[in-house]
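On a predicted model such as this, the values are computed, not experimentally measured, just so you know.
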Amino acid sequence: MSTEMTIIKHIFYFLSTGLLLFGLLPGIFSCETENCITLAENDLMISFYEQDSTTLKDMIFEYVTAEGTDSVFYDYRTKQTDFRFPVNPADDQTLFVMQVVDTVTYDTLSHDPLVIEATFHLRDRIDSLLIEYQRSQRIITEECGVEINYTHLVVKKCTFPGYEFEDDMTFLSRLNEVNIKIYD
Amino acid sequence: MKLILKYTISLWLLLVAMGEGIAQKKAERWIPSAVRVGGSLGSLGYLIFSEKHNYFESIVDVDFDRYFAVFEIGNSSYRLNEDTYNYTNSGRFMRLGFDVNFMQDEKHLNVVFFGLRYAWSSFQDDLSYNTVAVIESETQWPDTREEVSNLEAGAHWYEMNTGLKVRVYNNFYMGFTARYKFLMKAHHDSSLRSYYIPGFGKNINSDSWGLNYYIYYRIPFRKKMYFEKSEKTNKK
(Lines give C-alpha, C1' and ligand atoms only; values in the text may rest on other atoms or scores of the structure.)
Protein backbone atom coordinates (compact mmCIF):
# COMPACT_ATOMS: atom_id res chain seq x y z
CA MET A 1 0.00 0.00 0.00
CA SER A 2 1.39 3.42 -0.91
CA THR A 3 2.34 5.99 1.72
CA GLU A 4 -0.45 8.31 0.59
CA MET A 5 -3.04 5.57 0.97
CA THR A 6 -1.73 4.76 4.45
CA ILE A 7 -2.00 8.43 5.46
CA ILE A 8 -5.54 8.67 4.07
CA LYS A 9 -6.51 5.44 5.84
CA HIS A 10 -5.16 6.67 9.17
CA ILE A 11 -6.91 10.03 8.85
CA PHE A 12 -10.16 8.26 7.95
CA TYR A 13 -9.96 5.92 10.96
CA PHE A 14 -9.07 8.77 13.24
CA LEU A 15 -11.87 11.06 12.08
CA SER A 16 -14.52 8.36 11.97
CA THR A 17 -13.70 7.09 15.46
CA GLY A 18 -13.76 10.62 16.80
CA LEU A 19 -17.05 11.42 15.10
CA LEU A 20 -18.57 8.22 16.48
CA LEU A 21 -17.52 9.25 19.97
CA PHE A 22 -18.64 12.81 19.35
CA GLY A 23 -22.07 11.48 18.41
CA LEU A 24 -22.35 9.07 21.32
CA LEU A 25 -20.95 11.11 24.18
CA PRO A 26 -23.67 13.76 24.25
CA GLY A 27 -26.28 11.04 24.49
CA ILE A 28 -24.40 9.25 27.26
CA PHE A 29 -23.33 12.16 29.38
CA SER A 30 -25.70 14.97 28.55
CA CYS A 31 -27.83 15.71 31.57
CA GLU A 32 -28.17 19.42 30.96
CA THR A 33 -31.85 20.25 31.26
CA GLU A 34 -33.14 23.36 29.60
CA ASN A 35 -36.19 23.87 31.81
CA CYS A 36 -36.37 27.35 33.24
CA ILE A 37 -37.34 26.48 36.80
CA THR A 38 -36.23 28.96 39.43
CA LEU A 39 -37.09 29.64 43.04
CA ALA A 40 -35.69 33.15 42.87
CA GLU A 41 -37.90 36.20 43.22
CA ASN A 42 -37.67 39.67 44.70
CA ASP A 43 -40.73 39.65 46.99
CA LEU A 44 -40.19 40.06 50.71
CA MET A 45 -43.02 38.23 52.49
CA ILE A 46 -44.31 40.08 55.55
CA SER A 47 -47.03 39.08 58.04
CA PHE A 48 -48.51 41.60 60.44
CA TYR A 49 -49.40 40.63 64.00
CA GLU A 50 -51.07 42.35 66.91
CA GLN A 51 -48.45 43.79 69.20
CA ASP A 52 -47.06 41.24 71.70
CA SER A 53 -49.44 38.63 70.35
CA THR A 54 -49.64 35.70 68.01
CA THR A 55 -52.82 37.01 66.44
CA LEU A 56 -52.60 38.06 62.82
CA LYS A 57 -53.64 41.64 62.18
CA ASP A 58 -55.49 42.93 59.14
CA MET A 59 -53.71 45.94 57.76
CA ILE A 60 -54.84 48.70 55.43
CA PHE A 61 -52.27 51.06 53.99
CA GLU A 62 -52.97 54.42 52.42
CA TYR A 63 -49.92 53.55 50.34
CA VAL A 64 -46.85 51.34 50.37
CA THR A 65 -44.02 52.48 48.17
CA ALA A 66 -40.22 52.45 48.23
CA GLU A 67 -37.45 54.94 47.78
CA GLY A 68 -36.36 54.98 44.15
CA THR A 69 -39.67 54.11 42.51
CA ASP A 70 -42.99 55.77 41.80
CA SER A 71 -44.81 52.47 42.03
CA VAL A 72 -47.38 52.05 44.75
CA PHE A 73 -47.33 48.44 45.82
CA TYR A 74 -50.48 48.59 47.98
CA ASP A 75 -53.17 51.17 48.69
CA TYR A 76 -56.35 51.49 50.78
CA ARG A 77 -58.20 48.95 48.64
CA THR A 78 -56.25 46.10 50.16
CA LYS A 79 -57.02 44.74 53.60
CA GLN A 80 -55.02 41.69 54.56
CA THR A 81 -52.50 40.24 56.99
CA ASP A 82 -49.77 39.09 54.55
CA PHE A 83 -48.00 41.34 52.06
CA ARG A 84 -45.37 41.01 49.35
CA PHE A 85 -42.94 43.92 49.39
CA PRO A 86 -40.77 43.80 46.24
CA VAL A 87 -37.14 44.66 46.97
CA ASN A 88 -35.10 46.73 44.53
CA PRO A 89 -33.31 44.40 42.07
CA ALA A 90 -30.80 47.13 41.25
CA ASP A 91 -29.60 47.80 44.79
CA ASP A 92 -28.46 45.94 47.89
CA GLN A 93 -31.01 47.67 50.10
CA THR A 94 -34.58 48.90 49.87
CA LEU A 95 -36.33 51.50 52.00
CA PHE A 96 -40.06 50.82 52.09
CA VAL A 97 -42.23 53.75 53.09
CA MET A 98 -45.87 53.35 54.08
CA GLN A 99 -48.74 55.05 55.84
CA VAL A 100 -51.04 52.89 57.90
CA VAL A 101 -54.80 53.41 58.03
CA ASP A 102 -55.60 53.09 61.73
CA THR A 103 -59.35 53.06 61.51
CA VAL A 104 -62.09 53.32 58.94
CA THR A 105 -65.47 54.87 59.66
CA TYR A 106 -68.48 54.46 57.42
CA ASP A 107 -71.11 57.14 56.88
CA THR A 108 -74.38 55.25 56.81
CA LEU A 109 -76.41 58.44 56.79
CA SER A 110 -75.41 59.35 53.29
CA HIS A 111 -77.88 61.08 51.01
CA ASP A 112 -77.64 58.17 48.62
CA PRO A 113 -78.62 54.96 50.44
CA LEU A 114 -76.72 52.88 47.91
CA VAL A 115 -73.42 54.59 48.66
CA ILE A 116 -71.65 54.11 51.94
CA GLU A 117 -68.87 56.62 52.27
CA ALA A 118 -65.79 55.47 54.12
CA THR A 119 -63.39 57.76 55.92
CA PHE A 120 -59.83 56.58 56.45
CA HIS A 121 -58.14 57.79 59.58
CA LEU A 122 -54.43 57.82 58.88
CA ARG A 123 -51.74 57.20 61.44
CA ASP A 124 -49.86 60.33 62.45
CA ARG A 125 -46.48 59.01 61.44
CA ILE A 126 -45.07 57.66 58.19
CA ASP A 127 -43.67 54.16 58.78
CA SER A 128 -40.59 52.78 57.15
CA LEU A 129 -38.74 49.53 56.83
CA LEU A 130 -35.14 49.43 55.60
CA ILE A 131 -33.98 46.01 54.38
CA GLU A 132 -30.43 45.07 53.39
CA TYR A 133 -29.58 41.94 51.43
CA GLN A 134 -26.94 40.31 49.23
CA ARG A 135 -27.70 39.74 45.57
CA SER A 136 -26.12 36.96 43.51
CA GLN A 137 -26.57 36.65 39.78
CA ARG A 138 -26.31 33.68 37.48
CA ILE A 139 -27.32 32.65 33.99
CA ILE A 140 -29.56 29.58 34.34
CA THR A 141 -29.12 28.60 30.68
CA GLU A 142 -28.66 30.68 27.58
CA GLU A 143 -32.36 30.34 26.74
CA CYS A 144 -33.68 30.88 30.28
CA GLY A 145 -31.61 33.96 31.02
CA VAL A 146 -30.56 35.55 34.28
CA GLU A 147 -31.81 35.00 37.80
CA ILE A 148 -31.02 37.05 40.90
CA ASN A 149 -31.01 35.46 44.31
CA TYR A 150 -31.49 37.57 47.42
CA THR A 151 -29.95 36.27 50.63
CA HIS A 152 -28.66 37.43 54.04
CA LEU A 153 -31.65 39.66 54.70
CA VAL A 154 -31.14 42.15 57.52
CA VAL A 155 -33.55 44.72 58.91
CA LYS A 156 -31.61 47.96 59.31
CA LYS A 157 -34.51 50.14 60.35
CA CYS A 158 -38.12 49.48 61.38
CA THR A 159 -40.49 52.08 62.81
CA PHE A 160 -43.07 49.51 63.85
CA PRO A 161 -43.05 48.49 67.52
CA GLY A 162 -41.51 45.08 66.87
CA TYR A 163 -40.38 42.58 64.27
CA GLU A 164 -38.73 39.19 64.00
CA PHE A 165 -37.46 36.97 61.20
CA GLU A 166 -39.19 33.68 60.64
CA ASP A 167 -36.81 30.79 61.33
CA ASP A 168 -33.98 30.77 58.78
CA MET A 169 -36.02 32.67 56.19
CA THR A 170 -33.34 35.28 55.56
CA PHE A 171 -33.60 34.73 51.81
CA LEU A 172 -36.28 35.39 49.25
CA SER A 173 -37.92 32.52 47.40
CA ARG A 174 -41.08 31.50 45.63
CA LEU A 175 -41.96 29.07 48.39
CA ASN A 176 -44.41 31.65 49.83
CA GLU A 177 -42.77 31.36 53.23
CA VAL A 178 -43.05 34.42 55.47
CA ASN A 179 -39.72 36.19 55.93
CA ILE A 180 -40.58 38.76 58.60
CA LYS A 181 -43.27 39.07 61.26
CA ILE A 182 -44.04 42.69 62.10
CA TYR A 183 -45.88 43.51 65.34
CA ASP A 184 -48.09 46.57 65.22
CA MET B 1 34.46 -32.60 39.50
CA LYS B 2 36.43 -29.54 38.52
CA LEU B 3 34.63 -29.61 35.21
CA ILE B 4 31.20 -29.58 36.92
CA LEU B 5 32.26 -26.70 39.16
CA LYS B 6 33.59 -24.81 36.18
CA TYR B 7 30.34 -25.27 34.26
CA THR B 8 28.23 -24.33 37.31
CA ILE B 9 30.16 -21.10 37.87
CA SER B 10 30.00 -20.29 34.20
CA LEU B 11 26.23 -20.90 34.13
CA TRP B 12 25.77 -18.79 37.23
CA LEU B 13 27.82 -15.92 35.75
CA LEU B 14 25.84 -16.20 32.52
CA LEU B 15 22.52 -16.02 34.39
CA VAL B 16 23.71 -13.01 36.41
CA ALA B 17 24.86 -11.28 33.24
CA MET B 18 21.55 -12.03 31.53
CA GLY B 19 19.64 -10.82 34.58
CA GLU B 20 21.61 -7.58 34.62
CA GLY B 21 21.01 -7.17 30.89
CA ILE B 22 17.25 -7.59 31.32
CA ALA B 23 17.19 -5.20 34.28
CA GLN B 24 19.23 -2.69 32.30
CA LYS B 25 16.87 -3.01 29.33
CA LYS B 26 13.88 -2.59 31.64
CA ALA B 27 15.46 0.52 33.13
CA GLU B 28 16.20 1.86 29.66
CA ARG B 29 12.55 1.62 28.73
CA TRP B 30 11.84 4.26 31.38
CA ILE B 31 14.19 6.75 29.75
CA PRO B 32 12.08 9.11 27.62
CA SER B 33 12.51 8.64 23.90
CA ALA B 34 10.62 11.65 22.56
CA VAL B 35 8.63 14.76 23.22
CA ARG B 36 5.35 15.08 21.36
CA VAL B 37 3.95 18.62 20.96
CA GLY B 38 0.49 19.29 19.65
CA GLY B 39 -2.16 21.89 19.02
CA SER B 40 -5.93 21.70 18.98
CA LEU B 41 -7.58 21.27 15.60
CA GLY B 42 -11.11 21.75 16.87
CA SER B 43 -10.36 25.36 17.74
CA LEU B 44 -10.08 26.11 14.01
CA GLY B 45 -13.70 25.03 13.60
CA TYR B 46 -14.79 27.28 16.43
CA LEU B 47 -12.76 30.15 14.97
CA ILE B 48 -14.56 29.81 11.63
CA PHE B 49 -18.07 28.80 12.67
CA SER B 50 -18.71 29.94 16.24
CA GLU B 51 -19.61 33.48 17.19
CA LYS B 52 -19.65 32.80 20.89
CA HIS B 53 -16.71 30.55 21.66
CA ASN B 54 -13.04 30.55 20.71
CA TYR B 55 -10.19 28.63 22.24
CA PHE B 56 -6.75 27.23 21.55
CA GLU B 57 -4.93 24.42 23.32
CA SER B 58 -1.34 23.20 23.23
CA ILE B 59 -0.31 19.82 24.53
CA VAL B 60 3.06 18.26 25.36
CA ASP B 61 3.69 14.64 26.30
CA VAL B 62 6.83 12.71 27.21
CA ASP B 63 6.97 8.91 27.27
CA PHE B 64 8.17 6.78 30.18
CA ASP B 65 7.87 3.19 29.04
CA ARG B 66 4.12 2.75 28.46
CA TYR B 67 3.24 5.90 30.40
CA PHE B 68 3.13 9.52 29.27
CA ALA B 69 3.49 12.63 31.38
CA VAL B 70 1.13 15.19 29.87
CA PHE B 71 0.91 18.95 30.19
CA GLU B 72 -1.77 20.98 28.45
CA ILE B 73 -2.25 24.74 28.34
CA GLY B 74 -4.84 26.84 26.59
CA ASN B 75 -6.83 30.01 26.46
CA SER B 76 -10.48 30.58 25.78
CA SER B 77 -13.07 33.28 25.23
CA TYR B 78 -16.82 32.91 25.50
CA ARG B 79 -19.54 35.48 24.89
CA LEU B 80 -23.32 35.56 24.81
CA ASN B 81 -25.19 38.45 23.27
CA GLU B 82 -28.88 38.05 24.03
CA ASP B 83 -31.64 40.66 23.92
CA THR B 84 -31.76 41.05 27.67
CA TYR B 85 -28.23 40.25 28.74
CA ASN B 86 -24.63 40.11 27.58
CA TYR B 87 -22.01 37.79 29.02
CA THR B 88 -18.28 37.74 28.29
CA ASN B 89 -15.64 35.41 29.65
CA SER B 90 -11.93 35.09 28.90
CA GLY B 91 -9.13 33.21 30.60
CA ARG B 92 -6.52 30.50 30.62
CA PHE B 93 -6.39 26.90 31.77
CA MET B 94 -3.81 24.19 32.40
CA ARG B 95 -3.93 20.46 32.85
CA LEU B 96 -1.31 18.16 34.28
CA GLY B 97 -1.50 14.38 34.40
CA PHE B 98 -0.50 11.08 32.88
CA ASP B 99 -1.71 8.60 30.29
CA VAL B 100 -1.34 4.84 30.11
CA ASN B 101 -0.76 3.49 26.61
CA PHE B 102 -2.59 0.26 25.79
CA MET B 103 -0.69 -0.16 22.50
CA GLN B 104 2.81 -0.56 23.88
CA ASP B 105 5.46 -1.53 21.33
CA GLU B 106 3.18 -0.79 18.40
CA LYS B 107 5.46 -0.32 15.40
CA HIS B 108 4.12 3.14 14.40
CA LEU B 109 4.19 4.26 18.05
CA ASN B 110 0.45 4.84 17.89
CA VAL B 111 -1.20 5.39 21.23
CA VAL B 112 -4.54 4.33 22.64
CA PHE B 113 -4.66 5.75 26.10
CA PHE B 114 -6.51 6.26 29.32
CA GLY B 115 -5.39 9.09 31.57
CA LEU B 116 -6.10 11.30 34.54
CA ARG B 117 -5.66 15.06 34.79
CA TYR B 118 -5.70 17.73 37.43
CA ALA B 119 -6.78 20.99 35.82
CA TRP B 120 -7.18 24.58 36.86
CA SER B 121 -8.12 27.85 35.22
CA SER B 122 -8.11 31.55 35.97
CA PHE B 123 -10.41 33.91 34.15
CA GLN B 124 -12.45 37.10 34.13
CA ASP B 125 -16.13 37.37 33.29
CA ASP B 126 -18.76 40.06 33.07
CA LEU B 127 -22.56 40.05 32.99
CA SER B 128 -24.76 43.01 32.11
CA TYR B 129 -28.51 42.51 32.24
CA ASN B 130 -31.86 44.25 32.33
CA THR B 131 -33.48 43.97 35.74
CA VAL B 132 -36.99 43.55 34.32
CA ALA B 133 -35.83 40.67 32.14
CA VAL B 134 -34.57 38.46 34.91
CA ILE B 135 -36.46 35.21 35.19
CA GLU B 136 -38.43 36.29 38.27
CA SER B 137 -41.95 37.47 37.62
CA GLU B 138 -42.91 41.16 37.87
CA THR B 139 -40.26 43.00 39.84
CA GLN B 140 -42.51 46.10 40.13
CA TRP B 141 -39.41 48.22 39.76
CA PRO B 142 -38.24 50.39 36.84
CA ASP B 143 -36.00 48.67 34.31
CA THR B 144 -32.30 49.38 34.74
CA ARG B 145 -29.17 47.96 33.19
CA GLU B 146 -26.96 46.31 35.79
CA GLU B 147 -23.41 45.05 35.42
CA VAL B 148 -21.41 42.69 37.58
CA SER B 149 -17.87 41.38 36.97
CA ASN B 150 -15.41 38.84 38.30
CA LEU B 151 -11.87 40.12 37.88
CA GLU B 152 -10.12 37.16 39.52
CA ALA B 153 -12.21 34.03 39.16
CA GLY B 154 -10.88 30.49 39.05
CA ALA B 155 -11.73 26.82 39.17
CA HIS B 156 -10.14 23.42 39.82
CA TRP B 157 -11.28 20.09 38.45
CA TYR B 158 -10.24 16.52 37.67
CA GLU B 159 -10.60 14.69 34.38
CA MET B 160 -10.75 11.11 33.18
CA ASN B 161 -9.48 11.02 29.61
CA THR B 162 -9.36 8.50 26.84
CA GLY B 163 -8.38 8.76 23.20
CA LEU B 164 -5.81 7.93 20.60
CA LYS B 165 -2.83 9.37 18.73
CA VAL B 166 -2.24 7.93 15.29
CA ARG B 167 0.83 8.43 13.13
CA VAL B 168 -0.26 9.88 9.80
CA TYR B 169 3.09 10.79 8.21
CA ASN B 170 6.67 10.56 9.45
CA ASN B 171 6.59 12.17 12.89
CA PHE B 172 3.17 13.76 12.44
CA TYR B 173 0.34 12.34 14.49
CA MET B 174 -3.33 13.13 14.80
CA GLY B 175 -5.55 12.25 17.70
CA PHE B 176 -8.49 13.03 19.87
CA THR B 177 -9.11 13.10 23.58
CA ALA B 178 -12.51 12.49 25.12
CA ARG B 179 -12.76 14.01 28.57
CA TYR B 180 -15.08 13.51 31.51
CA LYS B 181 -14.61 16.33 34.01
CA PHE B 182 -15.49 16.69 37.69
CA LEU B 183 -15.57 20.20 39.06
CA MET B 184 -14.00 20.46 42.50
CA LYS B 185 -14.23 24.16 43.22
CA ALA B 186 -15.08 27.39 41.43
CA HIS B 187 -14.40 30.69 43.12
CA HIS B 188 -15.26 34.26 42.22
CA ASP B 189 -14.71 37.71 43.67
CA SER B 190 -18.16 39.19 43.06
CA SER B 191 -21.79 38.16 43.35
CA LEU B 192 -21.73 36.74 39.81
CA ARG B 193 -21.69 32.96 39.53
CA SER B 194 -19.63 32.27 36.40
CA TYR B 195 -21.59 30.63 33.60
CA TYR B 196 -18.51 29.39 31.79
CA ILE B 197 -15.15 28.06 33.01
CA PRO B 198 -12.31 28.01 30.44
CA GLY B 199 -11.19 24.43 29.87
CA PHE B 200 -14.13 22.99 31.81
CA GLY B 201 -17.16 24.30 29.97
CA LYS B 202 -20.53 25.49 31.21
CA ASN B 203 -20.75 25.78 34.96
CA ILE B 204 -24.26 24.36 35.16
CA ASN B 205 -23.55 20.93 36.58
CA SER B 206 -20.57 19.71 38.59
CA ASP B 207 -19.61 17.39 35.74
CA SER B 208 -19.03 18.00 32.09
CA TRP B 209 -17.63 16.22 29.04
CA GLY B 210 -15.57 17.34 26.09
CA LEU B 211 -13.86 16.12 22.95
CA ASN B 212 -10.71 17.64 21.46
CA TYR B 213 -8.95 16.93 18.19
CA TYR B 214 -5.20 17.49 18.03
CA ILE B 215 -2.36 17.42 15.56
CA TYR B 216 1.04 16.45 17.01
CA TYR B 217 4.66 16.42 16.00
CA ARG B 218 6.91 13.86 17.69
CA ILE B 219 10.49 14.96 18.37
CA PRO B 220 12.56 11.84 19.13
CA PHE B 221 15.70 11.93 21.33
CA ARG B 222 16.58 8.31 20.86
CA LYS B 223 15.15 5.16 19.39
CA LYS B 224 12.32 3.55 21.26
CA MET B 225 13.15 0.15 22.81
CA TYR B 226 10.86 -1.57 20.34
CA PHE B 227 13.06 -0.58 17.40
CA GLU B 228 16.27 -1.59 19.19
CA LYS B 229 14.80 -5.08 19.67
CA SER B 230 13.75 -5.25 16.03
CA GLU B 231 17.12 -4.19 14.77
CA LYS B 232 18.89 -6.85 16.86
CA THR B 233 16.41 -9.41 15.58
CA ASN B 234 17.01 -8.29 12.02
CA LYS B 235 20.82 -8.48 12.42
CA LYS B 236 20.55 -12.09 13.48
Side-chain angles (χ1 to χ4, degrees), chain A residues 3-4 6-11 13-15 17-19 21-22 24-26 28-33 36-43 66 68-73 84-92 94 134-151 172 174, chain B residues 41-42 52 80 82-85 87 108 110 127-146 148 162-170 172-180 188 190-196 201-205 207-213:
Chain A
T3 312
E4 289 78 13
T6 308
I7 293 169
I8 290 167
K9 191 180 79 176
H10 283 162
I11 292 174
Y13 286 156
F14 152 71
L15 284 175
T17 315
L19 286 172
L21 266 177
F22 193 71
L24 288 176
L25 277 172
I28 296 167
F29 295 115
S30 178
C31 299
E32 184 181 321
T33 51
C36 300
I37 295 171
T38 179
L39 289 176
E41 70 167 3
N42 71 321
D43 285 343
T69 180
D70 296 327
S71 299
V72 175
F73 306 132
R84 291 173 173 271
F85 285 16
V87 301
N88 187 353
D91 202 350
D92 291 328
T94 305
Q134 291 180 13
R135 290 173 297 156
S136 60
Q137 300 85 352
R138 76 174 182 115
I139 298 170
I140 299 174
T141 65
E142 290 163 35
E143 292 75 20
C144 297
V146 178
E147 77 168 16
I148 307 174
N149 282 287
Y150 303 86
T151 57
L172 304 185
R174 291 190 174 182
Chain B
L41 279 174
K52 62 183 179 186
L80 296 171
E82 301 291 329
D83 293 338
T84 57
Y85 70 91
Y87 178 73
H108 293 298
N110 294 333
L127 172 70
S128 62
Y129 60 95
N130 288 65
T131 54
V132 296
V134 293
I135 194 167
E136 298 98 289
S137 54
E138 293 290 316
T139 66
Q140 300 190 62
W141 282 83
D143 189 16
T144 57
R145 189 76 172 175
E146 290 287 300
V148 59
T162 187
L164 51 87
K165 299 167 187 178
V166 180
R167 192 172 77 125
V168 288
Y169 182 69
N170 284 345
F172 282 100
Y173 287 72
M174 291 174 80
F176 62 82
T177 303
R179 306 172 186 279
Y180 192 48
H188 42 80
S190 78
S191 58
L192 170 63
R193 178 181 165 169
S194 300
Y195 181 65
Y196 189 83
K202 290 178 186 174
N203 183 22
I204 296 174
N205 298 316
D207 59 343
S208 159
W209 71 271
L211 184 74
N212 300 105
Y213 278 100

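Of all non-hydrogen atoms in A:G68 and B:P142, the two that sit nearest each other are O-CG, 4.3 Å. Residue A:Q137 comes nearest to B:L127 through the heavy atom pair CB-CD2, 4.0 Å, listed as atom of the first residue, atom of the second, then distance.
Using a 3.5 Å distance cut-off with no hydrogens or angles, the side chains of B:S191 and A:Q134 do not pair a donor with an acceptor.
Considering only residues two or more places apart in sequence or on other chains, A:D92 meets the salt bridge (charged side-chain N to carboxylate O under 4.0 Å, His left out) condition with A:R135. Scored by the side chain to side chain contact (heavy atoms under 4.5 Å, CB included) test, B:T84 finds B:A133 as partners (sequence neighbours excluded).
The part of A:S71 that comes within reach of chain B is its side chain, from C-beta onward, which places non-hydrogen atoms under 4.5 angstrom from that chain. B:K165 does not touch chain A: none of its heavy atoms, backbone or side chain, sits under 4.5 Å away. Only the side chain of B:L80 comes within less than 4.5 Å of a heavy atom of chain A; its backbone N, CA, C and O stay farther away.
Rounding to the nearest 0.5 angstrom, the gap separating the CD1 atom in B:I204 from the CD1 atom in A:I140 is 10.0 Å. Taking CD of B:Q140 as the start and CG of A:N88 as the end, the distance is 12.0 Å to the nearest 0.5 Å. Between atom CG of residue B:L192 and atom CD1 of residue A:I148 there is a gap of 11.0 Å, rounded to the nearest 0.5 Å.
Contact check for B:Y195 versus A:R138: no side-chain heavy atoms found under the 4.5 Å cut-off.
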Self-check item: A:T94 vs B:W141, side chain to side chain contact (heavy atoms under 4.5 Å, CB included): CA-CA, chis, key distance, verdict
Solution: CA-CA 11 Å; A:T94 305; B:W141 282 83; 3.7 Å; yes
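Judged purely by atom type and a 3.5 angstrom limit, B:Y85 uses its side chain to pair as donor or acceptor with the backbone of A:E142.
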